[in-house]
Amino acid sequence: MKRLTRIAWLALAVAGCDEPNVPDPYDLDFDIPRTEAFAPSLSAYGIYEEPLASLQPAAGVVPYELSSELFTDYASKQRLLKLPEGSRIAASNNATMAFPEGTILAKTFYYPEDLREPDGPRRVIETRLLVKTDGLWNVATYQWNDEQTAATLLLGGATTAVSWTTAQGQSMAIDYEIPHEGECVTCHQSNESAVFIGPTPRNLNRSVTRSGEEVNQLAYFSAEGLLDGMDWTLAPATPDYTNTGHSLKVRARAYMDVNCAHCHNPTGWEDAEGAELDLRYQTRFGQTGITDELDDLESRLESGEMPYLGTTILHDEGVDLVMDYLSTL
């Protein structure tokens, strides 16, 4: 199991709070946006049809997929987008997107009981929301009950035992960590403001299957009236690090982009940015700082110190990929 991270000081006990599941103020070096008064129950946001456990998106809620996915203790994830009726995402330079006021980004984490039967029973653990209110992105987490009938606001974080069987038939069990709001903003920040990470043109520029047809996801968004001002054929794209058709360098850089660069970039969390690493895929190698930090990178990856948040166990496949790449430098 991964040892305690160096920002474990973020977590504070919730005892003595006036409201259940609401943490005391954190001793943070950044502000947590609170312009959204989060509802006590996830169902208030109209993201899913009933029963909730079906994870069937409600009308007007759109699934999206990323070219490369963040590792979170082998959890499966469903990503959803809900725009206010009649609004669209504005794009510029085919590389940036501005979401309208009232946008909801939802990510639900779950574990199939047996990965050899992906359509079999599963346990849904949590749904994380990013809601844009008064121009700011607000973060919240909803924990699902054991009956899988409801998810309740949980700003203070929690730990829950999770078990599953891998595709190779191996039994796995972990103490899964649901983050508190301070941990969410630690990663979801740029220039000390909360931001979204995943749904960028670079990460969305991939093929998906919609209504039985394979289409480019950005082209689909445009055709559905969700996205304005983008020529998807000119948009950049992050490679899929699981695609062995790419070179080792491309795959490793893509892995570090999605798993590390949200902190390790010039506008990321100040403590991580201070390591003088810029692990974004589009950054030229000579400007990444990888060579200067090579020994430290290898040590922290192998020990599980990186990433600092979001995992409790090593991603063996990902660590092997990056270590193989670093060994060539």
Test side-chain contact (heavy atoms from CB on, under 4.5 Å) on I89 and D228; report intermediate values, then the result. CA-CA 6 Å; I89 306 165; D228 270 343; over 6 Å; no

Do [Y] and [X] meet the salt-bridge criterion of a basic N to acidic O distance under 4.0 Å?
X	Y	result
D257	R280	no
E65	R206	yes
R34	E181	yes
E293	R300	no

Is it true that the NZ or CZ of [X] lies under 6.0 Å from the centre of [Y]'s six-membered ring and within 45 degrees of the ring axis?
X	Y	answer
R123	Y111	no
R128	F109	yes
R210	Y220	yes

With a 4.5 Å limit on heavy-atom distance, are the side chains of [X] and [Y] in contact?
X	Y	value
P239	S68	no
R251	T244	yes
M97	F221	no
R79	E69	yes
I313	M172	yes

Given 3.5 Å as the limit, does a donor-acceptor pair link the side chain of [X] with the main chain of [Y], or not?
X	Y	value
T283	Q287	no
D73	T311	no
Q143	I125	no
N216	W232	no
S54	P51	yes

If I take atom [atom1] from residue [X] and atom [atom2] from residue [Y], how far apart are they, to the nearest 0.5 angstrom?
X	Y	atom1	atom2	answer
E276	D292	CD	CG	8.0 Å
I197	L70	CD1	CG	7.5 Å
N138	T35	CG	OG1	3.5 Å
Q148	L55	CD	CG	8.5 Å
S67	L204	OG	CG	7.5 Å
L83	K132	CG	NZ	11.0 Å

Among side-chain atoms of T103 and K82, is any donor-acceptor pair under 3.5 angstrom? no

So, Y176 and E126: side-chain donor and acceptor under 3.5 Å apart, yes or no? yes

Derivation of the side-chain contact (heavy atoms from CB on, under 4.5 Å) call for T165 and R116: CA-CA 8 Å; T165 301; R116 295 169 299 183; 3.6 Å; yes

Evaluate side-chain hydrogen bond (donor to acceptor under 3.5 Å, both in side chains) for D324 paired with T328, printing each intermediate quantity in order. CA-CA 7 Å; D324 287 347; T328 69; over 6 Å; no

Test of understanding: clusters of I, L, V, M, F, W, Y form through side-chain heavy atoms closer than 4.5 Å, transitively. Do [X] and [Y] belong to the same one?
X	Y	result
V215	L218	yes
L227	L234	no
Y281	L297	no
Y241	V250	no

Given the options L248, T242, N243, H246 meets side chain to side chain contact (heavy atoms under 4.5 Å, CB included) only with N243

Step by step, work out the side-chain contact (heavy atoms from CB on, under 4.5 Å) result for L105 and Y64. CA-CA 10 Å; L105 298 172; Y64 66 91; 4.3 Å; yes

With a 6.0 Å cut-off on ring centres, are Y45 and Y48 close enough? no

Please check if the distance between the ring centroids of H315 and Y255 is under 6.0 Å. yes

Could you go step by step and tell me if D175 and T160 meet the side-chain contact (heavy atoms from CB on, under 4.5 Å) rule? CA-CA 5 Å; D175 290 327; T160 183; over 6 Å; no

